[in-house]
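The structure appears right after this line, and notes come after that.
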Amino acid sequence: MAIDRVTENSLGPAFARRLDESKVTIWKPRRIGPRFQWLDHDTIKLVDGKLAGREFCLKTDILRNTAELALTEGEERVGEVSIERDPPGKGVVLWDIAVRERLRGNGLAAIMTWCVFRELVQVQETATFRIRMVRSLKAGEKGAEVQNVGIGVVAARLGFEPEMDLRRVLDQRNITGVDVIPKQSGPPPGLRIMVKSAPLVLIAFLLNPDTKKPLGEEAMYIELRKDRELMREWALSGRLVISNGNYCLRRAKAERFADILAADLPEARLFRVRVRGL
């Protein structure tokens, strides 16, 4: 996957002035997943985590209305990301991401998301960002389980926020019940929150405030089930991820997001101009 660096010198005068006006003089590297190194234009080698030392190939296909990134290990396809470009050339909507079950929980979703978002920022003059995670549930449905854990963690680390108005939806007068979803073999525990208004049921999991990883101990879920005001505080602070709700990048987090995608100061200047919050 070729990543062509675009600097101020390659841009037109008007765009260069906009970059100057951004006054980006400080850029701090940030990462949302395991560290890796590029071996060539398409191949990476992980240097962190349980998969350290393993090599993967990333291929991106960008069309007018869609984009896709495919992740392979050897001859096997082990992950993919699907994007809608809506509107074409301006909007980026991540609507599907998958990692083969045996490789989940190792940061590959974060790497794929980072790479495909970078590529789209580089080919678009402006870009807004959304992540679509909605899954319809009925208020009385049993056996609901936590889904979208990987992309939910990535969304939180990137600074995305729920599109729904959590202050309104999680108002005490709007909540009709809260159940704990027990931990299963793969997903962490969760909360099933029943509300009077749409979407009627919220499925959520908790993040460790220090590591931004899913909280696996059920004790905190039980505490939040009993204390709905504390549950609301966790949701508003980004420590409770709604796994069946859509997320978007707001204006207040746009510069931080641009800095996460950037690999150096010139890219930070460029990306801050192109990234738009909603």
Side-chain angles (χ1 to χ4, degrees), residues 32-33 49-50 78-82 94-113 130-164 166 169-170 174-195 197-228 230-248:
I32 60 168
K50 296 179 181 178
V78 295
E80 55 269 334
V81 181
S82 297
L94 190 159
W95 65 270
D96 190 34
I97 186 166
V99 176
R100 299 302 172 264
E101 187 171 357
R102 61 183 174 81
L103 295 174
R104 291 174 188 168
N106 292 293
L108 293 178
I111 291 174
M112 289 192 296
T113 303
R130 290 185 172 89
I131 295 176
R132 188 184 304 156
M133 299 199 300
V134 164
R135 184 172 74 91
S136 298
L137 289 172
K138 296 179 181 178
E141 182 178 347
K142 300 297 183 182
E145 63 181 28
V146 178
Q147 297 185 337
N148 299 318
V149 175
I151 193 57
V153 170
V154 172
R157 290 178 178 176
L158 288 174
F160 283 49
E161 299 176 6
E163 286 190 343
M164 72 177 70
L166 287 183
V169 175
L170 294 182
N174 196 46
I175 299 174
T176 60
V178 181
D179 295 329
V180 174
I181 302 173
K183 179 177 173 59
Q184 302 184 26
S185 57
L191 293 174
R192 181 172 58 189
I193 307 166
M194 284 72 75
V195 295
S197 60
L200 301 180
V201 179
L202 303 177
I203 303 298
F205 63 92
L206 306 179
L207 294 178
N208 182 306
D210 298 320
T211 66
K212 289 293 193 294
K213 292 183 178 181
L215 200 60
E217 298 76 22
E218 290 188 10
M220 195 64 203
Y221 292 83
I222 294 172
E223 182 175 346
L224 293 188
R225 178 181 63 81
K226 297 176 181 177
D227 190 339
R228 296 180 182 179
L230 181 61
M231 180 183 71
R232 188 169 182 261
E233 290 179 12
W234 272 57
L236 295 177
S237 67
R239 289 178 287 175
L240 186 150
V241 177
I242 307 299
S243 68
N244 65 324
N246 293 332
Y247 280 71
C248 66

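All figures in this text were calculated on a predicted structure; none of them were measured in a lab. In what follows, residues are counted from 1 in the order of the sequence shown.
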How far apart are the closest heavy atoms of Pro199 and Met164, and which atoms are they?
-> CG-CE, 4.3 Å

Shortest non-hydrogen separation from Val146 to Pro189 and the atoms involved = CG2-O, 3.8 Å

Rounded distance (nearest 0.5 Å) linking atom CE of Met220 with atom CG of Leu224 | 4.0 Å

Using a 4.5 Å cut-off on heavy atoms from C-beta on, say whether the side chain of Met231 contacts that of Arg225.
-> no

Separation of Asn208 CG from Glu217 CD (nearest 0.5 Å) = 8.5 Å

Mind checking whether Pro188 and Val149 have side chains closer than 4.5 Å, heavy atoms only?
-> yes

Could you walk me through whether Tyr221 and Leu206 pass side-chain contact (heavy atoms from CB on, under 4.5 Å), step by step?
-> CA-CA 8 Å; Tyr221 292 83; Leu206 306 179; 3.5 Å; yes

Check: Thr176 side chain, Met194 main-chain N or O, donor-acceptor pair, under 3.5 Å = yes

Any residue meeting salt bridge (Lys or Arg N to Asp or Glu O under 4.0 Å) with Arg157, in chain and number order, not counting sequence neighbours | none

Side chains of Arg102 and Val78: closer than 4.5 Å at any heavy-atom pair?
-> yes

Exercise: identify the closest heavy-atom pair between Arg130 and Cys248 | CG-CB, 3.9 Å

Write down the atom of Ile97, the atom of Ala109, and the distance for their closest heavy-atom approach.
-> CD1-O, 3.6 Å

If you measure from OG1 on Thr113 to CZ on Phe160, what distance do you get to the nearest 0.5 Å?
-> 9.0 Å

Within-4.5 Å side-chain heavy-atom neighbours: Leu207 and Leu240 = no

Would a distance-only check, ignoring hydrogens and angles, find a side-chain to backbone donor-acceptor pair under 3.5 Å from Asn174 to Val195?
-> no

Is Ser243 reaching over with its side chain to a backbone N or O of Ile203, donor-acceptor style, under 3.5 angstrom?
-> yes

Flag side-chain contact, heavy atom, 4.5 Å: Val153 against Lys213 | no

Closest contact, heavy atoms only, Pro182 versus Glu218 | CA-OE2, 3.5 Å

What are the two closest heavy atoms between Gly245 and Tyr247, and how far apart are they?
-> O-CD1, 3.3 Å

Give the C-alpha distance, both sets of side-chain angles, the deciding distance and a yes or no for side-chain contact (heavy atoms from CB on, under 4.5 Å) between Met112 and Val99.
-> CA-CA 10 Å; Met112 289 192 296; Val99 176; 3.7 Å; yes

Report the C-alpha separation of Lys212 and Ile32 in whole Å, then their side-chain angles, then the decisive distance to 0.1 Å, and conclude whether the side-chain contact (heavy atoms from CB on, under 4.5 Å) test is met.
-> CA-CA 9 Å; Lys212 289 293 193 294; Ile32 60 168; over 6 Å; no

Asp179 side chain to Arg192 main-chain N or O, any donor-acceptor pair under 3.5 Å?
-> no

Does the side chain of Pro187 reach to within under 4.5 Å of the side chain of Gln147, using non-hydrogen atoms?
-> no

Roughly how far, to the nearest 0.5 Å, is CD1 of Ile193 from CD1 of Ile242?
-> 5.0 Å

Side-chain contact test, heavy atoms from C-beta onward, threshold under 4.5 Å: evaluate it for Phe205 versus Leu215 and give yes or no.
-> no

For Trp95 and Met133, what are the C-alpha separation, side-chain angles and deciding distance, and is it a side-chain contact (heavy atoms from CB on, under 4.5 Å)?
-> CA-CA 7 Å; Trp95 65 270; Met133 299 199 300; over 6 Å; no

Backbone N or O of Val201 within a donor-acceptor pair of the Asn244 side chain at under 3.5 Å?
-> yes

Would you check if the side chain of Asn106 reaches a backbone N or O of Leu103 as a donor-acceptor pair within less than 3.5 Å?
-> yes

Taking the side chain as every heavy atom from C-beta outward, state whether Arg232 and Leu166 have any atom pair closer than 4.5 Å.
-> no

Going through the checks in order, is the salt bridge (Lys or Arg N to Asp or Glu O under 4.0 Å) test met by Glu163 and Arg132?
-> CA-CA 10 Å; Glu163 286 190 343; Arg132 188 184 304 156; over 6 Å; no

Is a side-chain donor or acceptor of Asn148 paired with a backbone partner of Ile151 at a separation under 3.5 angstrom?
-> no

